[in-house]
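A note on names: the letters A, B, ... follow the listed sequences, proteins ahead of strands, and every chain is numbered from 1. Source: prediction; values computed, not measured.
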Amino acid sequence: MNKYRTHNCNELNEKSVGKNVRLSGWLHRKRDHGNLLFLDIRDHFGITQCVIENDEKNFKVLEKLKPESVIMINGSVVKRSAETQNKELKTGLIEVRIKNFEILSEAKDLPMPVFGEQEYPEDIRLKFRFIDLRRKEMHENIKLRSEVISFIRSKMIEKNFLEFQTPILTASSPEGARDFLVPSRTHKGKFYALPQAPQQFKQMIMISGFDKYFQIAPCFRDEDGRADRSPGEHYQLDLEMSFAEQDDIFKEVEPLFYELFSKFGKGKKINKHPFPRITYNESLEKYGTDKPDLRNPIELINVTDIFKSDEVKLKIFKEIINKKGIVKAIPVKATHSKPRSFFDNLNNWAISEGASGLAYITFEKNNGKIVGKGPISKFFSEEAIKKLLKKCKINENDSVFFVCNNISDANKFAGIARQKIALELNLINNSEFNFCWIVDYPMFHYNDKEKKIDFSHNPFSMPQIDMQNFDKKDPLDILAYQYDLVCNGYELSSGAIRNHITEYLFKVFGKVGYSKEMVEKNFSGMIKALSYGAPPHGGMAPGIDRIVMLLADQINIREVTLFPMNQNAQDLLMNAPSEVDEKQLKELNIKTIKKIN
RNA sequence: GGGGGUGUAGCUCAGUUUGGUUAGAGCGCUUGCCUGUCACGCAAGAGGUCGCGGGUUCGAGUCCCGUCACUCCCGCCA
């Protein structure tokens, strides 16, 4: 017999009545009636009510014991009388009458309780994460994370992917995020880098002839945190396939996600695969972002023409249009019952977001005719109103918001406003998962600051053009076999078909100013590997943390991470980062410079 | 690196707009009472550098300046 327990705290039921049992767990909650004491004992599995009366010699000790102390109790299972049963609890039909007990570990006064659903400051939760993780919601989230990973792993193995580990200490490479560097002791003055992703390794696995690979891979990027992005490290389902085209990868991944979200999505509706494919340009045009929330029914419309014409006399917009600006309309249905304050508040919100405001027109029927209302309606001719209604596919109950700026800023802000307005109007159905692929990313974009062409995504992606015609085309018009998987406005994954032809890779890098020599130097392993027979290949890498976040219905990634760092990339529990001994630094040939303020 | 929000008891928060007696409530904690609770109940009590520093004022939790911490966002994230 196990020394600590005969049953866990979720196991006992009516059939156990009369048995002598031993339970171990945390003292969850005490209810002290003076001469009668109820103790809820909790473990990973559940809660069992235990009871003791004051004629027992142990009564006084238990009465004083602090919550969250770990105890082992011996007792007998008794049936509760009908009126004292607790239907909420799986073990609520019985209780354990305590005969004797042992305190296995005593708890001090708690910085935060485990019992209850009260919110607690995050720095305290992080500092005492081991207590926070005992709390029901966190415990469930982390359990879900484990189940999600197990599910993914078994599905991937079923699909004949092989799971491999790749190095954690590797080489720094240009492009991408800032690296975490690890100084080398044996090679003084040189550094390893933690991998931002196993990108080059997974390509080499294909080149090594393994056909399909996956890994639940840690990725390290020295970037600042966000609610949906941990600073420092995160996990990806890294996968790669040989002799695969874009559609082959989609076909492997779509059912995986469909099944995963069906199984763990708490009954939320999922759009059936194949998931819609939306081009990058179309996504920006319609949703103002490359990670659209398709639960939001609003679609942006370009109405620059209307504002350009003499039918509209709005001078500020015309000036911006003359400087290559555009006007994006955000048509919103059924706003007729909204008070003036609704529109004013949105305007104030826009200003607080750094925009100059959010212009709008509402419509109503007057003498059988639809007319525009609101501050800027006077600038519109009857004809302009007609055109607007037609183009935006709306009627007298609706309204249109306008954003006017240069193309990229107009799209970007219209995209944010689209989501804000939908949230205000409750247009987003939180009981569905809406997946789509964003495809046809541009290979390059123009970097305004540095006045040069840059990679807009992964430099190893295959351009959607023959190598022979590559130089004939404006690089900014070249698309890549590069795609994202998006769900409910979150980017879940990036992926690409890779460029497996060294000569072509040199050409591509050449466009952003890398000489052949620089590519050979910075990506020597990769170039070498591609030079001895590389299969065409591609893959992707969905973010595990974000998947679990969506499934757990959380908006903060720390809620699904066991031991996360705070926004300033500090581990408050382990005290990382920390200073190290002078001796350690000396071995590494490293001197720190004290920052002078 | 920049912008917004928050900071009052161990925790959640009120009080700050309009400066004025001894800074409050709930939960938790301590003590006492209580034999059927499951957010047990009842009573009493302890607990405060109002984030920190400076300033204005007869007087600052409240006004001003600075600063720190946390958080959200921008930048960054091939």
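- For Lys30(A), no side-chain nitrogen or oxygen approaches OP1 or OP2 of G41(B) to under 4.0 Å.
- Under the 6.0 Å cut-off for aromatic ring centres, Phe455(A) and Phe509(A) qualify, their centroids lying closer than that.
- Asn556(A) comes within contact range of the sugar-phosphate backbone alone, with a heavy-atom separation under 4.0 Å but no base atom that close.
- Comparing the C1' positions of A43(B) and U57(B) gives an interatomic distance of 45 Å, to the nearest angstrom.
- When the P atom is compared between C11(B) and G36(B), the two are found 35 Å apart, to the nearest whole Å.
- For the C1' atom pair drawn from A60(B) and C72(B), the interatomic distance equals 30 Å after rounding to whole Å.
- Among the protein residues, Pro459(A) comes within range of the nucleic acid bases, having at least one heavy atom under 4.0 Å from a base atom.
- At a cut-off of 3.5 angstrom, the base of U35(B) holds at least one donor-acceptor pair with the side chain of Glu53(A).
- Asp40(A) has a carboxylate O that lies under 4.0 Å from a charged side-chain N of Arg31(A), or vice versa, which qualifies the two as a salt bridge.
- For Asn35(A), whose side chain is taken as the heavy atoms from C-beta onward, the closest listed nucleotide among C34(B), U71(B), C38(B) is C34(B).
- Among the nucleotides C76(B), C29(B), C34(B), the one closest to any side-chain atom of Glu223(A) is C76(B).
- C68(B) and G45(B): their C1' atoms are spaced 35 Å apart (whole Å).
- Judged by distance alone, with hydrogens and angles left aside, Arg221(A) brings no side-chain donor or acceptor close enough to the base of C77(B) to form a pair under 3.5 Å.
- Residue Arg125(A) is classed as having no contact, given no heavy-atom separation below 4.0 Å to the nucleic acid.
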